[in-house]
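First up is the structure itself, then whatever we jot down about it.
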Amino acid sequence: MNFDYSFYYNDLLNFIKNRQPFNPDVVIILGSGLGSFANSVKKIVSINTSEIPGYPLPTVAGHNGFLHFAEIGTKKLLLFEGRIHFYEGQNIESTLLPIFISKELFVPNLLCTNAAGGINPNFSPGDLMIIKDFNSMNLKKDFSKKFGISTIGATDNLKKYPDNKLYRKLIDASFEEKVYLKEGSYFWTSGPSYETPAEIKMMQKFGFDSVGMSTVQEILLAAIFGISTIAISCITNMAAGIQNQKLNHEEVIATGKMVEDKFAKLVKRFVTNL
Ligand code: HPA
């Protein structure tokens, strides 16, 4: 790896390690509008990311920056509330802090969540979609430079996604809690603007089901680090041109609120069953 994250983020990592109450079983990254999940777990240590030396400040509404060590039953959790996005003008490594931190704390499992636009016409706002596959071609240049992986290496690493065991646990949790899940492919864009109808038509023709601006770099690096990963999109709106409505960030946040109960039920069961 060309980018020595443990050297670069030394103060940041030490600050977190000094406050770490336990070794987490799983890390969960909460997407836009899903941050309230943090209110439904037993928090043991909460750190405002603005207290952490070198941690970038989030700039997006709906993304309070917190890192929580929390418990669900006997399971130990590391929760990231408030993501740093590529489109906030940060470099790729600052969007990957949750993964660097998880690696340092030896967290074996990762659940990534995000808000996404629905491309598949069978989807509706409020649906939850397991991300089975995704595009990553626009990210590979940065990745091969900084993290020293070739395209071939990346392909090998990505064979590990989605992690089989976590995938089955998520399906089991979905049946146990009667929270119906969709499945599909996620199209990553760098943002920050939403797509044009023509872009969405292209993604649809290429077989993509949802679109968003996060998660894929987290999946790639977690795969390199050997962290087992599964990711879920919350469909907060139908993507541009799929229906005759205007997109806005408020709708994304409002739909997040609508799904918070079923999302919390599903994720808690998933974590409990790990
Ligand atoms: N496009 C991209 N990202 C998104 C969307 C969208 O429609 N909705 C939520 N995140």
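Remember, it's 1-based here, ligands and their atoms both numbered in the order they're listed.
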ask   = Under 4.0 Å between a Lys/Arg side-chain N and an Asp/Glu carboxylate O for E260 and K265?
value = no
query = Is Y194 close to ligand 1, meaning an N/O of one under 3.5 Å from an N/O of the other?
reply = no
query = Aromatic ring centroids of F187 and F208 under 6.0 Å?
reply = yes
ask   = In terms of atom number and element, which parts of ligand 1 are under 4.0 angstrom from non-hydrogen atoms of A115?
value = 9 (C), 10 (N)
ask   = Where's the contact between N237 and ligand 1, heavy-atom distance under 4.0 Å: side chain, backbone, both or neither?
value = side chain
ask   = Any idea which part of A240 is under 4.0 Å from ligand 1, heavy-atom wise: side chain, backbone, both or neither?
value = neither
message = So if I count the atoms of ligand 1 from 1 in the order they appear, which ones are less than 4.0 Å from some heavy atom of G117?
response = 4 (C), 5 (C), 6 (C), 7 (O), 8 (N), 9 (C)
note = For P108, the side-chain contact (heavy atoms from CB on, under 4.5 Å) test, sequence neighbours excluded, returns none
key: Validation row, ring centre Y8 to ring centre F100 under 6.0 Å   = no
Minimum heavy-atom distance R83-L30, with the two atoms named = NH1-O, 4.2 Å
message = Test of understanding: given a 4.0 Å heavy-atom threshold, classify the contact between V211 and ligand 1 as side chain, backbone, both, or neither.
response = both
note = Under 4.0 Å from one or more heavy atoms of G212, ligand 1 contributes atoms 2 (C), 3 (N)
query = How about Y5 and F225: are their ring centroids closer than 6.0 Å?
reply = yes
ask   = Heavy-atom distance to atom 1 (N) of ligand 1: which of M238, M213, E195, M203 wins?
value = E195
ask   = Can a salt bridge be assigned to the pair K75 and D25 using a cut-off of 4.0 Å between side-chain N and carboxylate O?
value = no
request  = Give the atoms of ligand 1, by number and element, whose distance to some non-hydrogen atom of T236 is under 4.0 Å.
outcome  = 8 (N), 9 (C)
